[in-house]
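Reading through the structure tokens given below for one structure.
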Amino acid sequence: MSDAHRTRRWRGVLVLTLSAAGVGLLAKRPLLLMVSAVGVVYALYPRLSTVWEPRLELSRHVSEANPRAGSPVEVTTTIRNVGARPLVDLRFVDGVPPALAVTAGSPRLGTALRPGETAQLSYTMVAERGQHRFEAATALARDPSGDHEVELTVETETAVDCTGDLDTAPVRSPMRAVSGQTPASSGGSGTEFYQTRSYRRGDPLGRVDWNRYARTGELTTVEFRAERTASVVVVVDTTPSAYRGREGEPHAVVVAAGAAQLLVRAVLDGHDHVGLGSLGVVDCWLAPDTGRQHRLQAEELLAGFDSRQPDPEVDVAEQVPTLLARLTEGTQLLVVSPLLDNGVLDAVLRLGADHDVTVVSPDVTASDAGSEGRRLAALERGSRLRTLRQTGVTVVDWPIADPLSVTLHRQREAAYR
Amino acid sequence: MSARETDTARELNPRPAPLSSVAAVAVTVVVVLALAESEQVVVTWLALELTGLAVLCLGVVGRRRGYPLVGPSVAAIGVALCGVAVGGFLTEMTPFSDLLRLLPGLLGVAVLTAALLPVRGKGSRLLVKFGAGGLFTCVVLAGLFETADLPLLLGATVGSVLAWDAADNAVGVGTQLGRHARTWRLEVTHLLSTAVVGLAGILAVWGVRQVATTGLSLPAFAMVFLAALLLVGALRW
């Protein structure tokens, strides 16, 4: 993708040239006319030089592909001019993942490259929780005069996955805590004993309680508790209000997408089916399913969440019926939302009327040096949490400084007590 | 507030690129000195002006590096020194014609430097144009008063174009890539190509001058020049 355009930065030179020539003619000074002749050469210069669309090859090396949150990651990007022509003026900006901050060095470079020559730039960025993909890098080539400009994007797939450290947290499967509390109330085939009943024709022979038959001569069949596969949809809140965060930290959508990733993994690890949905700016739907391919697809979708920009023209209330229509009966919902908006609260309440809803709410309002506005936001969020709890929705209040699994573990222990 | 806004380290720091900025100011000073034929009065007051600009630079950098009170005071001293320099030049430069023809250059140096020393923001292209325009005015006045010969005049013309080009490029590179980025290669290539084109222009004019030994009359030369302009017009549009 490229488009060439002219900067016309040399226009002023022609004006000065003409005025010098005018003065020279009026005052009869041949020297000034000769000065203008030099000006004419400069006025012609941009016309005579052109820019060709650069052909660049990009390779990016990341010092740590699976860093811990908060640890520095060194990125080394190498640009190679694979075209046949030299690039006299190349300005390059690397596509740093939007949620990550560069702390040392610069992801930008200005250079000139002969054919086949390479240039390297390196910088350090700090890893944040979640999966981060590098965006396409932008390159701007100019001709020597700077009058013609071509912009293009260069891509190479690089990603930083900073979700691994959560798996080492004390709870192996955080999902169990929130979804495993509804045992099936019917007998069937399973592993847990449920009841015995009198034998009916057609019952499998392996289920017949032969010991009892030997003892009493009565034919009975043992039934086990049926195991049902739960179907869970993880819904991420991407309303404009969620694109907020604490000073110097990624906004709540990044945090929520990271948490959703963990939840998806956990649900799949529990052999349940998982789907993906969203409320707000991002329009995302992945029907509940299981398997490796499905998991990769879900992760891919979640990795794209953080780069969107908030779009104020979003009506969450309108999205709820769409989401409800997509859900099958008995599907559980796991809503990840910072709860910074009443629209989301209403949406959750409406979803909760038909489905089992659990809200995981990353707390992005807490702050050491709280301004009045922040304190107010924290109060409002607290009242929303209470409203949800009163209507029977399970709410996990997650202080984002802690790993999610620790919070879920704590919540489960509190529930058993 | 989004993460993008609070992120200070990623900030571009869009100050004009140092290498091109220094080159632009240096070329401007050289051109003014050459046009003044290194006259003692000019050298003295220009030196004072440059000192003032250096002090101003120190003050601006100081303010940015966390001296909110000392920085601006030092900068004010720098501005005062520049004022003294221009005032001194105005009172001491004796032939009025010399004063008139060198004043735009002296002011040009100050304006160009101020444009590249972004007291706030990212440098000003408009001030760069004014500064380089002052310098070029100096060149035109030298031609008008016939105080310079052809090679000097041509050299000074190329010098003022070079000063504008370097300064404008410094602002552009600063805006797009920022001060943290490594950009010297791009800057040097750009400056060299502009200088080479200027040299080619000088050689062309000089060559034509040598070939036309009989000497064209002014009307004839004007016609040739007009023809050249029309050719340029035809090529450009």
Side-chain angles (χ1 to χ4, degrees), chain A residues 9 12-14 16 18-21 23-25 27-45 47 49 88-91 93 96 98-99 101-112 119 121 140 142 144-146 243-245 247-251 254 310, chain B residues 1-4 6-10 12 17 129 133 136 139-140 143-144 146 148-150 153-154 156-158 161 164-165 168-169 172-173 176-190 193-194 197-198 200-202 204-205 208-209 216 218 221-222 225 228-229 232 235-236:
Chain A
R9 61 194 288 270
V13 169
L14 199 62
L16 286 185
L18 287 177
S19 28
V23 172
L25 279 177
K28 298 193 173 158
R29 295 284 189 275
L31 282 183
L32 278 184
L33 282 180
M34 290 179 195
V35 163
S36 321
V38 175
V40 170
V41 170
Y42 271 119
L44 269 177
Y45 171 38
R47 172 77 354 178
S49 74
V88 287
D89 186 330
L90 180 72
R91 293 151 198 225
V93 184
V96 181
V102 174
T103 51
S106 172
R108 296 154 190 272
L109 176 74
T111 189
L121 69 158
L140 198 79
R142 283 182 167 199
S145 72
Y243 285 85
R244 271 183 277 173
E247 208 112 333
E249 285 181 20
H251 52 68
V254 176
Chain B
M1 201 177 284
S2 80
R4 197 178 279 266
T6 55
D7 185 353
T8 49
R10 190 208 294 269
L12 191 55
K129 278 186 187 125
F136 188 67
V139 177
V140 172
L144 194 64
E146 294 182 309
D149 55 358
L150 185 63
L153 218 51
L154 292 181
T157 308
V158 171
V161 172
W164 163 77
D165 184 50
D168 188 76
N169 197 39
V173 169
Q176 286 184 334
L177 300 175
R179 195 156 259 194
H180 298 308
R182 198 159 23 99
T183 55
W184 64 268
R185 237 183 124 152
L186 176 157
E187 292 174 64
V188 168
T189 326
H190 186 89
S193 33
T194 307
V197 170
I202 291 177
V205 174
V208 170
R209 179 77 177 177
L216 284 159
L218 184 66
F221 192 88
F225 183 74
L229 272 187
V232 172
L235 275 171
R236 278 180 74 97

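All figures in this text were calculated on a predicted structure; none of them were measured in a lab. Within every chain, numbering begins at 1; the chains are lettered A, B, ... in the order of the sequence lines, protein sequences first and strands thereafter.
- For B/Thr194, the parts lying under 4.5 angstrom from a heavy atom of chain A are both the backbone and the side chain.
- Shortest non-hydrogen contact noted between A/Leu16 and B/Phe136 is O-CE2, 3.6 Å.
- Contact of A/Val93 with chain B is made through the side chain alone, with heavy-atom distances under 4.5 Å.
- A/Arg91 has its side chain out of reach of B/Thr183: every pair of non-hydrogen atoms, C-beta onward, lies at least 4.5 Å apart.
- Chosen from B/Val188, B/Val197, B/Leu154, B/Ile202, the residue pairing most often with chain A at heavy-atom distances under 4.5 Å is B/Val197.
- Closest approach of B/Leu177 to A/Arg108, counting heavy atoms only: O-CD, 3.1 Å.
- The residue among A/Val88, A/Leu33, A/Val23, A/Val41 with the most heavy atom pairs within less than 4.5 Å of chain B is A/Leu33.
- Of all the heavy atoms in A/Ala27 and B/Leu144, the pair that sits closest is CB-CD1, 3.4 Å.
- When all heavy atoms are compared, the tightest approach of B/Gly198 to A/Tyr42 is CA-OH, 3.1 Å.
- Taking every heavy atom of both residues into account, A/Arg9 and B/Asn169 meet most closely at NH2-N, 3.8 Å.
- For A/Leu18, the part lying near chain B is the side chain, with the backbone staying farther off; criterion is any non-hydrogen pair under 4.5 Å.
- For B/Ala200, no part lies near chain A; criterion is any non-hydrogen pair under 4.5 Å.
- Distance CG/A/Leu32 to CG/B/Leu153: 6.5 Å, rounded to 0.5 Å.
- Counting heavy atoms from C-beta outward, B/Leu150 and A/Leu31 have side chains that approach closer than 4.5 Å.
- Sequence neighbours left out, the pairs with a member in residues 27-45 of chain A that pass salt bridge (Lys or Arg N to Asp or Glu O under 4.0 Å) are A/Arg29-B/Glu146.
- Between chain B and the options A/Gly12, A/Ser36, A/Ala21, heavy-atom pairs under 4.5 Å are most frequent for A/Ser36.
- With values rounded to the nearest 0.5 angstrom, A/Asp89 atom CG is found 10.0 Å from B/Glu187 atom CD.
- The CE atom of A/Met34 sits 12.0 Å away from atom OG1 of B/Thr157, with the distance rounded to the nearest 0.5 Å.
- Both the backbone and the side chain of B/Val140 come within contact range of chain A, judged by heavy atoms closer than 4.5 Å.
- Distance alone, capped at 3.5 Å, places no donor-acceptor pair between the B/His190 side chain and the A/Ser145 backbone.
- Contact count against chain A (heavy-atom pairs under 4.5 Å) is highest for B/Val161 among B/Val161, B/Val158, B/Val139.
- Nearest heavy-atom pair, A/Ala112 versus B/Thr189, reported as atom, atom and distance to 0.1 Å: CB-OG1, 3.6 Å.
- Heavy atoms of B/Val173 lying under 4.5 Å from chain A belong to its backbone as well as its side chain.
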